Each structure stands twice: as structure tokens, then as C-alpha cells.
Amino acid sequence: MPATAATRRRAQPEAPAPDGARDPEQLRALHAALEDWFGAEARDLPWREHDRTPWGVLVSEVMLQQTPVVRVLPVWREWMARWPRPADLAAEPAGEAVRAWGRLGYPRRALRLHAAATVIAAEHDGELPDTEEGLLALPGVGTYTAAAVAAFAFGRRATVVDTNIRRVHARLVGGEALPAPSLTAAELRRAAILLPADRERSVVWNAAVMELGALVCTARSPRCAECPVAGACAWRAAGEPPPTYTPRGQAWHGTDRQVRGAVMAVLRAAEQPVTRELLDREMVGSAGSEPSAPGSTHHFAEAGGPLRDAITRLHALGTGPDQLERALAGLLADGLAVEAEGHLRLP
DNA sequence: AAAACGTGGCC
DNA sequence: TGGCCAAGTTT
């Protein structure tokens with residue numbers, strides 16, 4: 001049956017299907033455009049250098065979970081210099097990883113990286129697993145990180161889906177301002193459809209889409225004028241409709257999380273274990289008052305700038321006894337702190 | 001499966 | 001100024 005004008009229109013709709021099923025020609029053009037753009041505009045990040053190691057890629061991916069690149073860079077360099085191989089990290093106490101984590105946030109990531117290094121050293125002869133499945137079994141490695149390391153460290157064809165990629169797909173293909181609040185099965189299917197069949201191209205595509213989301217197709221005020229695929233963007237074609245929901249932020253002030261963070265800052269800064277009694281006496285219910293001067297107790301005798309600052313910050317929270325108790329219990333349960341003989345310290 | 005989990009910069 | 005946001009994982 002000869003194709004009529006009507007059937008041709010149905011076969012080639014103006015807007016791409018939201019599941020990403022564009023025709024092969026469109027897809028190929030998309031792949032080529034982003035490949036070129038990435039080649040010209042990609043940032044020079046150390047974990048993309050030729051001398052990178054799979055371990056370095058894993059460390060970068062974990063550090064980058066919910067943490068901006070600029071903050072990760074110096075810490076990643078420090079880690080690589082100090083612990084160039086998983087076994088190097090595994091040879092040290094977990095607390096060293098937590099301390100070297102600095103202020104990246106979510107310090108249990110440091111704990112899990114140390115645990116992963118221990119597994120790699122003990123069960124994998126010091127080498128990272130080179131499959132998604134093997135990587136996924138490591139502590140702190142979820143679906144995103146497993147796919148990312150498989151692709152970027154081992155050159156595998158993996159469906160990488162992070163927050164940047166989700167946003168780019170939502171706009172470019174889905175015609176929506178933002179992806180759903182949480183990852184859906186439909187998004188995974190769409191990402192799989194969009195992934196180039198060619199292995200090497202798939203690696204570049206993953207990196208390119210992620211980079212586009214980070215540099216151009218940003219959450220707030222996207223730079224569409226600089227976008228290499230703006231002409232193919234379903235969101236623009238639809239007139240850039242606003243988000244259909246408003247993301248709700250995380251509570252912070254007055255939360256246990258805030259107290260945990262302040263306690264961890266003290267433990268990181270402290271050269272010696274900190275007495276539990278000190279936390280209770282100096283930091284509970286004393287908002288508005290002054291913390292004891294460094295040197296007023298033997299615990300503070302050697303309090304330098306960083307420790308003093310951390311203590312001052314915790315003091316300023318005016319944490320109540322119940323909340324301090326809860327926060328400490330949480331830290332101990334998570335293994336981020338250890339209590340022995342009335343003292344608290346990093347593990 | 002919703003909720004917990006740090007931190008700092010930006011508009 | 002305060003809410004939003006950043007290469008998520010775990011329970």
C-alpha cells in the first residue's frame with residue numbers, strides 16, 4: 001500500500017514521541033551533534049585524563065554524588081595522591097577516610113568508599129570489578145555509579161542515568177521542564193532507547209549528555225542559546241512549559257542532620273578523642289551563651305583554630321539534650337563515630 | 001517506598 | 001535572605 005500524506009504525517013510526527021523513539025536518522029544526528037559538542041566543550045577534569053585509573057573514577061563518582069565538581073576537585077586530588085590504589089586506603093582506619101573527606105558532606109560516603117576499598121583489596125585482588133553487576137555489589141555503589149564506572153572506567157556500553165541526564169532527556173525528548181521527582185521505569189526505557197548501539201559512541205554519549213546537563217541544560221536558567229541540540233528540543237518546541245510540580249526542599253535548620261554535621265566537624269578537627277561529657281556540658285542548651293574558652297578544660301588545651309571553630313558552631317546550635325543524644329546515637333549506629341571510655345572519636 | 005543523609009554557593 | 005540545587009544510596 002502506497003503511503004499517503006496522512007500516514008506519512010503519522011509516521012513522522014512534529015514532536016518526538018516522549019519515549020524517545022525518534023527515527024534512526026534523527027537519533028544519529030543527535031548523537032553526532034552531542035559528540036562534536038562534547039569534543040569541543042568538555043571540561044578538563046582529572047578523572048577524565050588518560051592516566052586515570054578505575055579506582056580514581058570510582059572515587060570521583062562517589063564524591064560527586066550530590067556534590068558539585070568544584071568542591072570535589074581538591075579532595076579527589078588529595079585522595080589520589082595519598083591512596084593511589086584501593087589497597088592503600090584499605091590499609092588505613094576508616095576514620096582517616098572520613099577525616100580526608102573534609103567538608104564534602106554525607107560523610108558515610110567516605111566510610112563506604114573505605115569499605116569498598118577493603119572488599120576490592122581482599123576479594124578482588126586489588127582490582128575493581130569491571131562489570132556493572134560486580135560494581136553494584138560494592139558498598140556505596142548504586143545503579144548510577146555502577147553504570148558510570150562501567151562506562152567511564154571500562155568503556156562498557158551502559159545506560160547511565162543521573163540527574164543531569166534525566167533533565168536533558170525530559171526536555172530534549174519529553175518536552176517537559178523537569179523530570180519526575182523520582183526515577184521512573186519509563187525514563188530508564190527512554191534512556192536505553194537513546195543510547196547509541198556502538199559501544200565507544202555510547203560512552204561518549206553518556207558523558208556528553210551528562211556534561212550538557214551540567215553546563216548548558218541546567219536546572220535553573222538553561223543556556224539554550226549555547227545548546228548544540230536546541231533545534232531538536234521538544235521542550236523548546238512546546239514553548240518551554242513550566243514544571244508541573246514544585247520540588248520540595250530538604251529541611252535543615254533544627255534537624256538532627258544539622259547536629260550530626262556539627263558533631264562530625266568537631267571530631268574531624270579534633271586531634272584527640274573528645275569526651276562525651278564535654279559535648280553534654282558545653283554544647284547543650286546553651287544558645288546565646290559563650291562556649292568555654294579554649295584552655296578552660298584540658299580537653300581544649302590544644303584547641304587550635306579549626307577545632308575551636310567547630311566547637312563554636314556546634315555550641316551556637318543550642319542543641320537540646322534529646323537531640324544531641326539522637327544525633328550521637330545515629331552517628332554511632334552509622335559507624336561514623338566510635339565511643340569508648342566516655343570519649344568520642346572517628347572510627 | 002518515603003525519608004534520612006551534609007555542605008556551601010547562588011540568585 | 002532563604003530556598004533551591006549538586007555525577008545518589010540505603011533502609
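The sequence lines fix the lettering, A, B, ..., with proteins before strands; numbering per chain opens at 1. Everything numeric here is computed off the predicted structure, so don't read it as measured data.
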[atom1] spacing across the pair [N] / [M], given as an integer number of angstrom:
| N | M | atom1 | value |
| --- | --- | --- | --- |
| C:dA6 | B:dG6 | C1' | 12 Å |
| B:dT7 | C:dT11 | C1' | 23 Å |
| B:dA1 | C:dT10 | C1' | 12 Å |
| B:dG8 | C:dT1 | C1' | 15 Å |
| B:dG9 | C:dT9 | C1' | 24 Å |
| B:dC10 | C:dG8 | C1' | 22 Å |

Exercise. Does a nitrogen or oxygen in the side chain of A:Arg260 sit under 4.0 Å from OP1 or OP2 of B:dG6?
Worked result: yes

Exam field: side chain [X] to backbone [Y], donor-acceptor pair closer than 3.5 Å:
| X | Y | answer |
| --- | --- | --- |
| A:Gln323 | A:Gly254 | yes |
| A:Arg257 | A:Ala251 | yes |
| A:Arg268 | A:Ala310 | no |

Problem set entry | Flag for A:Gln65-A:Thr145: side-chain donor and acceptor within less than 3.5 Å | yes

Exercise. Can a salt bridge be assigned to the pair A:Arg82 and A:Glu78 using a cut-off of 4.0 Å between side-chain N and carboxylate O?
Worked result: no

Exercise. Taking NZ, NE, NH1 and NH2 as the nitrogens, is one of them in A:Arg276 or A:Glu325 under 4.0 Å from a carboxylate oxygen of the other?
Worked result: yes

For this session: Any side chain to side chain donor-acceptor pair (under 3.5 Å) involving residues 120-144 of chain A? Give me the pairs, sequence neighbours left out, ordered by first then second residue.
Result: A:Glu61-A:Tyr144

For this session: Sugar-phosphate means primed atoms, P, OP1 and OP2; the rest is base. With that split, encode nucleotides 3-11 of chain C 5' to 3' as B, S or - using protein heavy atoms under 4.0 Å.
Result: BBSBBBSS-

Problem set entry | Test side chain to side chain contact (heavy atoms under 4.5 Å, CB included) applied to A:Leu138 and A:Leu113, A:Val149, A:Val62, A:Val119, the passing residue | A:Val119

For [X] and [N], what is the distance between atoms [atom1] and [atom2] respectively, to the nearest whole Å?
| X | N | atom1 | atom2 | result |
| --- | --- | --- | --- | --- |
| A:Leu331 | B:dC5 | CG | P | 9 Å |
| A:Leu113 | B:dG6 | CG | P | 15 Å |
| A:Gln258 | B:dG6 | CD | C1' | 10 Å |
| A:Leu104 | B:dG8 | CG | P | 10 Å |
| A:Arg223 | B:dC10 | CZ | P | 12 Å |

Exercise. Which is true for A:Arg268 with a 4.0 Å heavy-atom rule: it touches a base, it touches only sugar-phosphate, or it touches nothing?
Worked result: sugar-phosphate

Exercise. What does A:Ile165 touch in the nucleic acid at a heavy-atom separation under 4.0 angstrom: a base, only the sugar-phosphate, or nothing?
Worked result: nothing

For this session: Could you check whether the rings of A:Trp205 and A:His169 sit parallel, tilted or perpendicular, using 30° and 60° as the cut-offs?
Result: parallel

For this session: Within residues 30-39 of chain A, find the residues that approach DNA chain C with a heavy atom at under 4.0 Å, and present them sorted by residue number.
Result: none

